[in-house]
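Remarks on the structure that follows.
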Amino acid sequence: MKKILVLLLVLISLSSNAQLNYGLQGLLPNDSNNFEYTGLKINIDTTNVNNDWTIGSTMKPFFGQANSFPNAIMTDSLNPYSSNNLSYFDVGVNQNTFSGYGFPYNLYFQFDHKYETDSLIDGGYITLSYDSGQTWVNVINDSTCIMCWPNINSENLYTTNDTLVNGEYGFSGTSDWKTSTFQWVWVLPVKYMASDSLIIRFNFVSDNVQTNKDGWIIDNIVVGGIDLGSSVEEIQNSIKVIFYPTITADYFNYKIENDEKIESIVVVDISGKQILTIAQPKNEDRIDVSNYPSGNYYVKFSSKEKQVIKKLIIN
């Protein structure tokens, strides 16, 4: 009973300030799509002949190239985004993504992106549907899941101060590559949402003035869960690691802060297969990953009682 009450207080506290919580083990991925490896299913709206979204490579002036080379999804790979346009693509997530046991009560969704639009006019926003597309809600307004606190926890998400031409809240202006994450946190440990499937829609909207800007490019979409643990002390007590670069073709560096002793470093691919294990590693080192295929990976740092997981992209 004591642990349940402590967990309840922790979740209320976390949801009140809407900051992303990484739990005991960091973000634990279940599936992804980096547009080379296609786990999560992407559906581009084919009913709209003017839909700007396309998958491929690009050398548009602002976009440059995909975050995990060579492919991403973007608002046109050659030309500026269209004027007077509303385009979308969907990412479908169902309970089978989590081995058929239902959505975790700490579900998160993450993606890398950059954008160049007319500030507070054109831009991108994210909507959700729990009923197969019959109704939609902007992600920052979502309170429809069972026992879900009204505010979505998030990192690098837009706010209610960022309003687009159609009145929706969204990303607008200019941003270099960044990672955005939003997270549902249930007040009690229930395992199911209001339905057995969830559609996450990426929308892009523009007015009737053409300003020849690149638009929105998105890469490395990931869905997973978070281990929130059972006490305040456990949640706050995690390994502190300086980790860079997160996108590399050769190596990554790490440094364990506070001279904490770690027992292992494990690198896994998106399927969960261990590709590298280092026992009794140094507290600061450079790890060579040049011989591994391009793609998304996760690096787990473990001590006797704690873990943290870092995202790594090899290109």
Side-chain angles (χ1 to χ4, degrees), residues 14 18-23 25-37 39-40 42 55 58 62-75 89 91 93 106-117 123-126 128 139-140 152-159 162 169-185 200-204 214-226 238 240-249 252-254 267-270 289 294-301 308-315:
L14 289 170
Q19 293 177 351
L20 191 68
N21 174 56
Y22 286 85
Q25 302 182 56
L27 305 183
L28 304 175
N30 284 84
D31 208 349
S32 72
N33 191 323
N34 67 358
F35 303 97
E36 283 79 48
Y37 167 84
L40 288 167
I42 305 295
I55 297 173
T58 180
F62 179 78
F63 283 171
Q65 64 180 33
N67 207 17
S68 60
F69 189 79
N71 295 326
I73 189 167
M74 68 207 77
T75 50
F89 73 89
V91 183
V93 182
N106 39 36
L107 180 70
Y108 79 87
F109 189 87
Q110 184 177 78
F111 56 99
D112 298 335
H113 62 130
K114 68 187 298 189
Y115 46 88
E116 182 193 41
T117 75
Y125 60 98
I126 301 167
L128 312 171
V139 62
I140 65 171
I152 293 287
N153 287 1
S154 65
E155 188 172 82
N156 293 327
L157 192 61
Y158 48 81
T159 71
D162 307 315
Y169 307 125
F171 297 109
S172 187
T174 301
S175 171
D176 204 351
W177 281 109
K178 64 181 177 180
T179 300
S180 292
T181 311
F182 50 90
Q183 168 196 12
W184 294 261
V185 177
I200 300 169
R201 174 167 290 181
F202 287 79
N203 309 267
F204 189 86
D214 280 6
W216 199 12
I217 182 170
I218 297 166
D219 207 351
N220 303 315
I221 297 174
V222 180
V223 65
I226 300 169
S238 61
K240 304 297 182 182
V241 180
I242 298 173
F243 181 86
Y244 65 96
T246 58
I247 303 173
T248 183
F252 66 84
N253 300 292
Y254 73 89
V267 181
V268 300
D269 64 17
I270 196 64
V289 292
S294 298
N296 289 347
Y297 294 85
Y298 298 90
V299 185
K300 181 169 68 174
F301 298 83
V308 68
I309 295 175
K310 300 291 185 178
K311 179 181 175 183
L312 175 70
I313 298 171
I314 301 177
N315 58 22

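Numbering of residues begins at 1 and proceeds along the displayed sequence.
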- Query: What do the steps show when you test I42 against V91 for side chain to side chain contact (heavy atoms under 4.5 Å, CB included), and what is the final call?
  - Reply: CA-CA 5 Å; I42 305 295; V91 183; 3.6 Å; yes
- Task: Kindly indicate, with the supporting measurements, whether the criterion side chain to side chain contact (heavy atoms under 4.5 Å, CB included) is fulfilled by K300 and V268.
- Result: CA-CA 8 Å; K300 181 169 68 174; V268 300; over 6 Å; no
- Apply side chain to side chain contact (heavy atoms under 4.5 Å, CB included) to the pair T75 and D214, showing each step before the final yes or no. CA-CA 7 Å; T75 50; D214 280 6; over 6 Å; no
- Please assess F252 against F243 for the test ring-ring contact (aromatic ring centres under 6.0 Å, His included), listing each intermediate value before the final yes or no. CA-CA 7 Å; F252 66 84; F243 181 86; 5.0 Å; yes
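The two atoms that bring N220 and D112 nearest to each other are ND2-OD2, 2.9 Å, heavy atoms only. Considering all non-hydrogen atoms of both residues, L128 and I200 come closest at CD2-CG1, 3.8 Å. Residue K114 comes nearest to F62 through the heavy atom pair NZ-O, 2.9 Å, listed as atom of the first residue, atom of the second, then distance.
The aromatic rings of F171 and F111 sit perpendicular, their planes meeting at an angle over 60°, well past the 30° parallel limit.
Distance CD1/I140 to OG1/T159: 6.5 Å, rounded to 0.5 Å. A distance of 7.0 Å separates CD1 of I247 from CG of N315, quoted to the nearest 0.5 Å. With rounding to the nearest 0.5 angstrom, the CG atom of N33 is 6.0 Å from the CD1 atom of I221. The CE atom of M74 lies 13.0 Å from the CZ atom of F204; values are rounded to the nearest 0.5 Å. Summarising the geometry, atom CZ belonging to F35 is positioned 15.5 Å from atom CZ belonging to F69; distances are rounded to the nearest 0.5 Å. To the nearest 0.5 Å, atom CD1 of residue I217 and atom CD of residue E116 are 12.0 Å apart.
Contact of the I218 side chain with the F89 side chain is registered, since non-hydrogen atoms from C-beta on lie closer than 4.5 Å. When side chains are defined from C-beta on, T117 does not count as touching W216, because their heavy atoms never get closer than 4.5 Å. Taking 4.5 Å as the limit, every side-chain heavy atom of S68 sits out of range of all side-chain heavy atoms of I314. Contact check for Y158 versus V139: side-chain heavy atoms found under the 4.5 Å cut-off. Within the 4.5 Å cutoff, side-chain heavy atoms of E36 are placed close to those of P70. With contacts defined as side-chain heavy-atom distances shorter than 4.5 Å, the pair T181/N156 does not qualify. Side-chain atoms of N203 and I126, non-hydrogen and from C-beta on, never get closer than 4.5 Å to each other. With contacts defined as side-chain heavy-atom distances shorter than 4.5 Å, the pair T248/L312 qualifies.
Side chains of D162 and S172: a donor-acceptor N/O pair is absent below 3.5 angstrom, by distance only. Counting only N and O atoms by type, the side chains of Y244 and K310 include no donor and acceptor under 3.5 Å apart.
Here the options are N153, V222, V223, the test is side chain to side chain contact (heavy atoms under 4.5 Å, CB included), and the partner is Y108; only V222 passes.
Here F109 and F182 bring their ring centres to under 6.0 angstrom of each other.
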